[in-house]
Trainee: 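Sharing a structure, written as structure tokens. Questions coming.
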There are 2 protein chains.
Amino acid sequence: MKARSHHEDEQHLTEQLGATGLRLTPQRQQVYDVLRHKRDHPTAEEVFIRAKKTMPEISHATVYNCLDALVKSGLARQVTLDRGATRYCPNMHEHGHFHCDACGTVFDVDLPAQAMPLPKGFKAEHFDIAIHGVCPDCDQKK
Amino acid sequence: MKARSHHEDEQHLTEQLGATGLRLTPQRQQVYDVLRHKRDHPTAEEVFIRAKKTMPEISHATVYNCLDALVKSGLARQVTLDRGATRYCPNMHEHGHFHCDACGTVFDVDLPAQAMPLPKGFKAEHFDIAIHGVCPDCDQKK
DNA sequence: CCCGCAATTTAGAATTGTTCTAAATCTTGA
DNA sequence: TCAAGATTTAGAACAATTCTAAATTGCGGG
């Protein structure tokens, strides 16, 4: 994981958002910071709660707006598992998500960069790989 | 796709449910029939509407219960894409789901049976592969 | 064959997650 | 400085799912 200075970070955000026709606002900065600060795949609600700690006036709708903006600009990914709330992940490196059925934790897992062969004519834009199972910790505790 | 007689079908259902400690009820049969009849990855709501055509008294909660029962027993799979409602798929053959961003259709796509290497200690139970892109039809129309 | 228990279903309320609305605020470029 | 467009806000509205308590069903034992 390459570290990035605050300034570089801001510039990166501005660029990526700009390319999608969006602005960098304090709220979007804040939501992005929340995602980067604790990469535990929080739900929109969790992001809302964390963001409020340093930006108490931020609203629910804004968090959804910001998350959507980040996703559209390629700064974050949605992670959907089961029927629960959608989670968000700022790791844009190619990876999948391992969900531990015992403790609920979601882990990023590297994937072999393999071409996924699709039937003729299908144009893939994006892959989402979710794996369900038991993580090492929970497996041992059994 | 191997055809199955109604009788064989019922026996298969009874067995699979039984192995999970569940009974085969008329409602579960009906929900399963709905899934098998039109394999377009319906949401719980859509299953509810279709099931009511031949079983008008069936309730919302029962449809969720039946779908859960089928999933637990390995007779159907959940398909979660984006933030929308969860969809259901009676195809238990190993496959992934291609979602066309243009027309919204969900296609079953065969996957190469490849071992997905996981970090040490992780025990995988189940893989879910979702692919976003454009289907051949929509790609041509552009 | 009937009984009682546990599983299941039911209607509807409650909860949770997400989107919408209209008004206020902020930017940006002319 | 101003107008136009983007963004944020609070709260209502909507959608998806789960819960609840009561009624029904169906199997195993007597």
Side-chain angles (χ1 to χ4, degrees), chain A residues 10 13-34 41-52 54-73 75-76 78-88 104 106, chain B residues 10 13-34 41-52 54-73 75-76 78-88 104 106:
Chain A
E10 197 175 307
L13 277 179
T14 306
E15 272 170 27
Q16 294 280 110
L17 286 165
T20 325
L22 300 168
R23 294 177 189 159
L24 175 56
T25 65
Q27 289 84 352
R28 286 173 183 163
Q29 175 87 253
Q30 168 68 8
V31 165
Y32 189 62
D33 288 349
V34 165
H41 306 89
T43 62
E45 179 66 20
E46 285 163 342
V47 172
F48 175 58
I49 291 166
R50 294 179 197 174
K52 276 213 294 200
T54 51
M55 193 180 262
E57 9 30 78
I58 199 170
S59 87
H60 227 143
T62 300
V63 169
Y64 277 96
N65 169 339
C66 293
L67 289 169
D68 285 348
L70 295 173
V71 170
K72 272 201 210 115
S73 308
L75 290 156
Q78 290 191 330
V79 181
T80 47
L81 302 160
D82 310 316
R83 285 197 292 229
T86 300
R87 300 170 170 281
Y88 295 86
V106 178
Chain B
E10 197 174 308
L13 277 180
T14 306
E15 271 170 27
Q16 294 280 109
L17 286 165
T20 324
L22 300 168
R23 293 177 189 159
L24 174 57
T25 64
Q27 288 85 351
R28 285 173 183 166
Q29 175 89 252
Q30 167 68 6
V31 165
Y32 188 61
D33 288 349
V34 165
H41 307 88
T43 62
E45 181 65 21
E46 284 164 341
V47 172
F48 175 59
I49 290 166
R50 293 178 198 176
K52 276 214 293 200
T54 50
M55 192 180 262
E57 6 34 75
I58 197 169
S59 88
H60 226 141
T62 300
V63 169
Y64 277 97
N65 168 340
C66 292
L67 289 169
D68 283 349
L70 295 173
V71 170
K72 272 203 211 115
S73 308
L75 290 156
Q78 290 191 330
V79 181
T80 48
L81 302 161
D82 310 316
R83 285 198 293 229
T86 300
R87 301 169 170 279
Y88 294 85
V106 178

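Chain identifiers are assigned alphabetically (A, B, ...) following the order of the sequence lines, protein sequences preceding nucleic acid strands; residue numbering begins at 1 within each chain. Just so it is clear, the model here is predicted, and its values are computed rather than measured. Below, all heavy atoms of this structure are taken into account, side chains as well, without hydrogens, waters or symmetry copies.
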Trainee: Under 4.0 Å between a side-chain N/O of T86(B) and OP1 or OP2 of dT17(D), yes or no?
Mentor: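 Checking dT17(D) against T86(B), a side-chain N or O does come within under 4.0 Å of OP1 or OP2.
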Trainee: Whole angstrom is fine here: how far is it from NZ in K72(A) over to C1' in dA6(D)?
Mentor: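 Rounded to whole Å, this separation is 12 Å.
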Trainee: Is there a side chain to side chain contact (heavy atoms under 4.5 Å, CB included) between V34(B) and Q30(B)? Walk through the geometry before answering.
Mentor: CA-CA 6 Å; V34(B) 165; Q30(B) 167 68 6; 3.9 Å; yes
Trainee: Closest approach to the side chain of I58(B), judged atom by atom: which nucleotide of dA7(C), dT9(C), dT10(C) is it?
Mentor: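 From the listed options, dT10(C) comes nearest.
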Trainee: Is there a side chain to side chain contact (heavy atoms under 4.5 Å, CB included) between L24(A) and E10(A)? Walk through the geometry before answering.
Mentor: CA-CA 8 Å; L24(A) 175 56; E10(A) 197 175 307; 3.7 Å; yes
Trainee: Heavy atoms only: give me the nearest L75(B)-Y32(B) pair and the separation to one decimal.
Mentor: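 Shortest heavy-atom contact: O-CE1, 3.6 Å.
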Trainee: Base, sugar-phosphate, or nothing for T25(A), non-hydrogen atoms under 4.0 angstrom?
Mentor: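 If one applies the 4.0 Å heavy-atom cut-off, T25(A) turns out to touch the sugar-phosphate alone, with no base involved.
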Trainee: For the backbone of Y88(B) and the side chain of Q78(B), can you confirm whether one donor and one acceptor N or O come within less than 3.5 Å of each other?
Mentor: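 Answer holds: no.
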Trainee: Looking at the side chain of R23(B), which of dT18(D), dT9(D), dT25(D) is the nearest nucleotide?
Mentor: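 Output: dT25(D).
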Trainee: Kindly indicate, with the supporting measurements, whether the criterion side chain to side chain contact (heavy atoms under 4.5 Å, CB included) is fulfilled by L81(A) and V106(A).
Mentor: CA-CA 10 Å; L81(A) 302 160; V106(A) 178; 3.7 Å; yes
Trainee: Taking only N and O in the side chain of R28(A), is any of them less than 4.0 Å away from OP1 or OP2 of dT7(D)?
Mentor: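 Looking at the OP1 and OP2 atoms of dT7(D), one of them is under 4.0 Å from a side-chain N or O of R28(A).
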Trainee: Just the rounded figure in Å: distance from C1' of dT7(D) to OH of Y32(A).
Mentor: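 Rounded to the whole Å, the gap is 20 Å.
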Trainee: Nearest-Å distance, CG (N65(A)) to P (dG5(D))?
Mentor: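 From N65(A) CG to dG5(D) P: 18 Å.
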Trainee: Please figure out whether L22(B) or P26(A) has its closest DNA chain C nucleotide nearer the 5' end.
Mentor: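 The 5'-side residue here is L22(B).
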Trainee: What nucleic acid atoms does S59(B) come within less than 4.0 Å of, heavy atoms only: base, sugar-phosphate, or nothing?
Mentor: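 Base contact.
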Trainee: H60(B) or V63(A): which one's nearest nucleotide on DNA chain D is closer to the 5' end?
Mentor: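 The answer here is V63(A).
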Trainee: For the pair made of CG in D68(B) and P in dT9(C), what is the distance, rounded to whole Å?
Mentor: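 Checked: the CG to P distance equals 12 Å.
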Trainee: So which heavy atom on V63(B) is nearest to which on A44(B), and how close?
Mentor: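 In terms of heavy atoms, the two residues are closest at CG1-O, 3.7 Å.
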Trainee: How many whole angstroms separate atom CD of Q29(B) from atom P of dT25(D)?
Mentor: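 For the pair Q29(B) CD and dT25(D) P, the rounded distance is 18 Å.
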Trainee: Verify, without hydrogens or angle tests, whether H41(B) (side chain) and R87(B) (backbone) share a donor-acceptor contact under 3.5 angstrom.
Mentor: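 No, because the side chain of H41(B) does not come within donor-acceptor range (under 3.5 Å) of the backbone of R87(B).
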Trainee: Rounded to the nearest angstrom, tell me the gap between atom CZ in R87(A) and atom C1' in dT18(C).
Mentor: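 Those two atoms, CZ and C1', are 16 Å apart.
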Trainee: Would you find a donor on one side and an acceptor on the other, under 3.5 Å apart, between the side chain of E46(B) and the backbone of T43(B)?
Mentor: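 It does hold such a pair.
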Trainee: Scan residues 62-72 of chain A for pairs that pass side-chain hydrogen bond (donor to acceptor under 3.5 Å, both in side chains), counting only residues two or more places apart or in two chains.
Mentor: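 Counting only pairs at least two positions apart or across chains, the side-chain hydrogen bond (donor to acceptor under 3.5 Å, both in side chains) contacts touching residues 62-72 of chain A are R28(A)-N65(A), S59(A)-T62(A), D68(A)-R83(B).
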Trainee: Atom CD of Q30(A) to atom C1' of dT9(D): distance rounded to whole Å?
Mentor: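 Going from CD in Q30(A) over to C1' in dT9(D) covers 16 Å.
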Trainee: Just to be sure I understand the geometry, which residues of residues 41-48 of chain B put a non-hydrogen atom under 4.0 Å away from DNA chain D?
Mentor: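 Listed by number, there are none.
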Trainee: So for the helix from dC1(C)-dG30(D) to dA30(C)-dT1(D), with five pairs setting each end axis, what is the inter-axis angle to 10°?
Mentor: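 Angle reported: 30°, given to the nearest ten degrees.
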Trainee: Side chain to side chain contact (heavy atoms under 4.5 Å, CB included) for V79(B) and T86(B)? Distances and angles first, verdict last.
Mentor: CA-CA 6 Å; V79(B) 181; T86(B) 300; 5.9 Å; no
Trainee: Where the side chain of Q27(A) is concerned, which of dT17(D), dT8(C), dT8(D) is the nearest nucleotide?
Mentor: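 Looking only at side-chain atoms, Q27(A) lies closest to dT8(D).
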Trainee: What is the distance from CD of E57(A) to P of dA10(D), rounded to the nearest Å?
Mentor: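 Whole-Å distance recorded here is 8 Å.
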Trainee: Side chain of A61(A), heavy atoms from C-beta onward: which of dC20(C), dT8(D), dT19(C) has the nearest atom to it?
Mentor: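 Looking only at heavy atoms from C-beta outward on A61(A), the closest nucleotide is dC20(C).
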Trainee: Among dT19(C), dT7(D), dG26(D), which nucleotide sits nearest the side chain of Y64(A)?
Mentor: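 Minimum distance to the Y64(A) side chain belongs to dT19(C).
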